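Please read the structure below before turning to the comments.
Predicted, not measured: the structure shown is a model, and the values here were computed from it. Just so it is clear, the values below take in all heavy atoms, side chains as well, and ignore hydrogens, waters and symmetry mates.
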Amino acid sequence: MADAPLVSHAVRIAGLWAAWLLVMLFHVELGLMPLFHGLSVEIQSQVAPSRVPRLFLAMLFYFLLPVAALLVAVHAVADPAGWSASPPWRALQFWFGVVYTLTNVIHLAADIRVPDSRPDQVILMGARTLIVLLINQQTWAWWQS
């Protein structure tokens, strides 16, 4: 049963990416909640209107890449001897988590520094950052096993 540790890491990673995605969804949903009460959610933007479509495309990829990471981890659970559980893919999962850790830490710091930041948004960013740190721990252990 040599595959058992690899499978358990992959299950944990898939679960953590699912949790990260749910918290991301809550972060966006609560960020837009004032709209339902007639309040503005507008922030001062330094992005030119012509660049907004590219920004939306970048955010689409930012949301979809963790879905891909989750699906690769689920594939590794289903096929522990397959490509998705191979050392290069496990390393890629780790480095992907590191990139998302950096983006989450930057976003958390920005949310904390905003003078009128909302506590719910800071808490959700803290949760996302904690989850991605757990992803790093699990992907590192998976890669090294």
Side-chain angles (χ1 to χ4, degrees), residues 4-80 82-86 88-145:
L6 295 179
V7 169
S8 64
H9 284 300
V11 168
R12 288 186 205 113
I13 292 163
L16 287 165
W17 276 121
W20 187 92
L21 285 161
L22 281 171
V23 174
M24 169 67 97
L25 178 65
F26 297 151
H27 177 65
V28 172
E29 177 69 23
L30 284 175
L32 297 175
M33 192 60 71
L35 289 174
F36 300 110
H37 300 282
L39 303 172
S40 175
V41 295
E42 185 176 4
I43 58 172
Q44 292 292 0
S45 177
Q46 305 301 323
V47 178
S50 63
R51 292 183 56 207
V52 170
R54 285 183 287 193
L55 179 64
F56 286 164
L57 185 61
M59 289 309 298
L60 175 65
F61 283 111
Y62 189 80
F63 293 153
L64 287 179
L65 288 173
V67 173
L70 180 141
L71 292 174
V72 169
V74 168
H75 188 274
V77 171
D79 186 11
W83 62 269
S84 56
S86 67
W89 280 96
R90 296 192 318 247
L92 185 63
Q93 282 271 9
F94 171 75
W95 289 110
F96 182 67
V98 169
V99 169
Y100 271 67
T101 298
L102 293 174
T103 62
N104 279 266
V105 167
I106 291 168
H107 192 147
L108 176 60
D111 278 359
I112 290 170
R113 290 181 45 157
V114 171
D116 59 346
S117 67
R118 291 181 24 208
D120 63 311
Q121 293 297 299
V122 174
I123 290 168
L124 286 168
M125 277 311 304
R128 277 181 42 201
T129 302
L130 177 62
I131 291 167
V132 81
L133 287 170
L134 292 171
I135 289 169
N136 290 341
Q137 184 271 327
Q138 283 300 309
T139 55
W140 175 260
W142 191 35
W143 180 19
Q144 300 306 309
S145 60

**Prompt:** Mind checking whether Val98 and Phe94 have side chains closer than 4.5 Å, heavy atoms only?
**Reply:** yes
Counting only pairs under 3.5 Å, give me each side-chain donor-acceptor contact of residues 125-132, with atom names and distances, residues two or more places apart or in other chains.
from: Arg128; atom 1: NE; to: Asn104; atom 2: OD1; distance (Å): 3.0
from: Arg128; atom 1: NH2; to: Asn104; atom 2: OD1; distance (Å): 3.1
from: Thr129; atom 1: OG1; to: Met125; atom 2: O; distance (Å): 2.8

**Prompt:** Which atom pair, heavy atoms only, marks the closest approach of Gln93 to Ala73?
**Reply:** NE2-N, 3.7 Å
**Complete:** Contacts satisfying ring-ring contact (aromatic ring centres under 6.0 Å, His included) that involve residues 97-120 (not counting sequence neighbours) are Trp17-Tyr100, Trp20-Tyr100, His27-His107, Tyr62-Tyr100, Phe96-Tyr100
**Request:** Please name the pair of heavy atoms, one in Leu70 and one in Ala14, separated by the smallest distance, quoted to 0.1 Å.
**Result:** CD1-O, 3.2 Å
**Asked** Looking at Ser145 and Arg90, what are the two nearest heavy atoms and their distance?
**Response** O-NH2, 2.9 Å
**Message:** I need the full list of side-chain hydrogen bond (donor to acceptor under 3.5 Å, both in side chains) pairs touching residues 69-78, with sequence neighbours left out, sorted by first then second residue.
**Reply:** His75-Ser84
**Asked** Would you find a donor on one side and an acceptor on the other, under 3.5 Å apart, between the side chain of Thr101 and the backbone of Leu133?
**Response** no
**Fill in**
Distance col, row Gln137:CD vs Ile13:CD1, nearest 0.5 angstrom, shows 9.0 Å
**Request:** Identify the heavy atoms of Leu124 and Val23 that sit nearest to each other, and give their distance.
**Result:** O-CG1, 3.5 Å
**Request:** For Arg51, enumerate each residue passing the side chain to side chain donor-acceptor pair (under 3.5 Å) test, keeping only those at least two apart in sequence or located in another chain.
**Result:** none
**Message:** Show me the pairs that pass ring-ring contact (aromatic ring centres under 6.0 Å, His included) and involve residues 29-57, at least two apart or across chains.
**Reply:** none
**Request:** Can you measure from CG (Leu30) to CG (Leu25) and round to the nearest 0.5 angstrom?
**Result:** 9.5 Å
**Message:** Give me the atom names and distance for the closest heavy-atom approach of Ala85 to Ala76.
**Reply:** CB-CB, 3.9 Å
**From CG (Leu32) to CG (Leu39), nearest 0.5 Å** = 12.5 Å
**Item:** Closest heavy-atom pair and its distance - Asn136, Gly97
**Value:** OD1-C, 3.0 Å
**Item:** With Trp89 via ring pair (Phe, Tyr, Trp, His ring centres under 6.0 Å) - residues at least two apart
**Value:** Trp83
